[in-house]
Amino acid sequence: MEKVVIIGAGAAGYTAAIYTARANLNPLVIEGMQPGGQLTTTNDVENFPGFPEGIDGTQLMDQFRAQAERFGARFMQYDAVAKADFSSRPFKLEMMVGDPIEAETVIIATGATAKYLGLESERKFMGRGVSACATCDGAFYKDVPVVVVGGGDTACEEATFLTRFASKVTLVHRRDELRASKIMADRAINHPKVEMAWNSVIDEILGDETGVTAVRIKNVDTGETTEIPAKGYFSAIGHKPNTDPFVGQLDLNEAGYLIADGVKTKIDGVYAAGDVADAVYRQAITAAGTGCAAALEAERFLEAQGE
């Protein structure tokens with residue numbers, strides 16, 4: 001029987017582990033298949049407070065983990081929750097590999113996975129010109145051209161944001177009009193630094209040992225290919241929150257994100273932290289903040305239960 005189980009091991013999960021471990025709750029962190037979360041795909045993190053020179057994303061997450069471990073947090077690697085049962089306490093977690101786990105409280109910090117097109121070149125240049133977060137990485141592309149793929153509000157917002165840094169932003173969309181709301185679409189289309197590539201798809205991301213150097217696009221009507229010089233490629237086709245094990249147990253919005261009041265789900269003793277419940281900010285610092293809040297709520301809940 002576990003007092004606190006934390007599902008997920010990104011900024012939210014590790015922060016929750018630090019706080020619950022310091023409260024002598026001996027938390028168990030289920031790290032899943034990608035310990036450290038999305039930040040482990042980022043070479044340089046320059047916007048996390050306390051690191052004025054920036055820090056490698058994997059190194060930052062390693063420090064989070066070491067801090068939690070110092071206070072007594074325990075970690076389960078290379079296993080993940082297949083299905084959760086929150087119908088009664090103790091809560092029951094069915095694992096992909098190991099034995100089932102019972103818990104008095106659960107903090108869900110499974111994050112959200114950025115959607116990519118699935119090109120091998122996306123994986124090859126991940127962190128070296130390929131990104132899914134303009135807010136995180138835009139500042140690395142000062143005075144150089146970049147490409148954004150997508151057609152919704154997110155793509156328009158990312159493209160417009162990148163004009164603060166990039167010399168030129170090419171927005172690639174497979175149709176001849178954007179799916180975004182009119183105000184967002186107009187803002188992107190009419191920006192002098194944004195060029196639209198209509199009726200086009202990404203054919204390949206090109207680069208060398210320095211990273212991305214160009215993006216090849218293909219016109220869906222003519223089949224003609226064009227190489228666009230670019231130092232950055234941003235996928236803006238959405239995120240998939242990692243909520244599959246909780247379907248039918250917790251409330252989700254239409255995009256699949258957990259619905260929470262602050263960090264409280266509809267089930268007492270079950271909390272949501274980080275990007276799994278955040279479709280708006282998706283930053284390491286905001287995820288860490290909700291991880292802290294979830295830990296404090298779990299501690300208060302257990303105390304109220306006399307535990």
Side-chain angles (χ1 to χ4, degrees), residues 4-21 27-51 54-69 73-82 84 93 95-96 106-116 122-123 126-128 130-137 234-236 238-246 255-258 260 263 271-295:
V4 180
V5 170
I6 299 164
I7 309 173
Y14 284 149
T15 301
I18 291 169
Y19 274 78
T20 51
L28 175 65
V29 183
I30 301 173
E31 293 188 287
M33 303 306 174
Q34 188 183 6
Q38 290 190 74
L39 273 185
T40 59
T41 66
T42 303
N43 289 339
D44 296 297
V45 179
E46 292 191 332
N47 56 2
F48 199 89
F51 298 92
I55 185 172
D56 176 82
T58 299
Q59 184 182 357
L60 178 61
M61 288 297 93
D62 285 346
Q63 292 190 22
F64 270 53
R65 188 184 193 277
Q67 191 170 355
E69 190 171 28
R74 295 166 296 130
F75 303 91
M76 177 180 290
Q77 295 184 315
Y78 309 115
D79 203 352
V81 174
L93 304 174
M95 305 303 294
M96 291 282 193
V106 172
I107 296 173
I108 301 170
T110 46
T113 303
K115 294 180 181 177
Y116 289 92
E122 286 178 317
R123 290 188 288 272
M126 188 72 66
R128 297 192 300 126
V130 170
S131 173
C133 181
T135 308
C136 310
D137 299 329
F234 289 82
S235 178
H239 286 73
K240 182 186 183 303
N242 300 318
T243 53
D244 288 351
F246 316 113
Y257 287 85
L258 288 179
V263 295
Y271 308 95
D275 290 8
V276 73
D278 176 16
V280 179
Y281 302 109
R282 297 197 299 265
Q283 299 296 303
I285 189 65
T286 52
T290 54
C292 165

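- In this structure, Leu93 and Ile7 have side chains that are in contact, with non-hydrogen atoms separated by less than 4.5 Å.
- Distance alone, capped at 3.5 Å, is enough to place a donor-acceptor pair between the Asn242 side chain and the Thr110 backbone.
- Contact between Pro35 and Gly32 at its shortest, heavy atoms only, is CD-O, 4.0 Å.
- The distance from the CD atom of Gln59 to the CE atom of Met61 is 11.0 Å, given to the nearest 0.5 Å.
- Between Gly8 and Val29 the shortest heavy-atom distance is O-CG1, 3.6 Å.
- Closest approach of Gly57 to Val45, counting heavy atoms only: CA-CG2, 3.7 Å.
- The NZ atom of Lys240 lies 10.0 Å from the OH atom of Tyr257; values are rounded to the nearest 0.5 Å.
- Sorted by first and then second residue, the pairs that involve residues 4-19 and meet side-chain hydrogen bond (donor to acceptor under 3.5 Å, both in side chains), not counting sequence neighbours, are Tyr14-Glu31.
- Of the inter-residue distances, the one linking Phe64 atom CZ with Asp62 atom CG reads 11.0 Å to the nearest 0.5 angstrom.
- Side-chain contact check for Thr113 versus His239: every heavy-atom pair is 4.5 Å or farther apart.
- Taking every heavy atom of both residues into account, Ala295 and Thr20 meet most closely at CB-CG2, 3.6 Å.
- With hydrogens and angles disregarded, a donor-acceptor distance shorter than 3.5 Å links the side chain of Ser235 to the backbone of Lys115.
- Summarising the geometry, atom CD belonging to Glu69 is positioned 11.5 Å from atom CD1 belonging to Ile18; distances are rounded to the nearest 0.5 Å.
- Note that CD1 of Ile30 is 12.0 Å distant from CD1 of Ile107, once rounded to the nearest 0.5 Å.
- Closest non-hydrogen pair, Ala273 versus Ala294, comes out as CB-CB, 4.1 Å.
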### Task
Output, in order, the C-alpha distance, side-chain angles, deciding distance and verdict of side-chain contact (heavy atoms from CB on, under 4.5 Å) for Phe51 and Gln63.
CA-CA 12 Å; Phe51 298 92; Gln63 292 190 22; 3.9 Å; yes

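- Looking only at side-chain heavy atoms (C-beta outward), Asp278 and Thr290 stay at 4.5 Å or farther from each other.
- Nearest heavy-atom pair across Ala272 and Leu258 is CB-CD1, 3.8 Å.
- Between the side chain of Thr40 and the main chain of Thr58, no donor-acceptor pair closer than 3.5 Å is present.
- Put simply, the side chain of Thr243 gets close to the backbone of Gly256: a donor and an acceptor are under 3.5 Å apart.
- Residues Ile55 and Phe48 have side chains not in contact (no heavy-atom distance under 4.5 Å, counting atoms from C-beta outward).
- A heavy-atom distance below 4.5 Å is found between the side chains of Met95 and Met76.
- Taken from CG in Leu28 to CD1 in Ile6, the straight-line distance is 8.5 Å, to the nearest 0.5 Å.
- Side-chain contact between Asn47 and Ile285 is absent, with no heavy atoms from C-beta onward closer than 4.5 Å.
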### Message
If you apply the rule side-chain contact (heavy atoms from CB on, under 4.5 Å), what do you find for Asp137 with Phe234, and how did you get there?
### Response
CA-CA 9 Å; Asp137 299 329; Phe234 289 82; 4.3 Å; yes

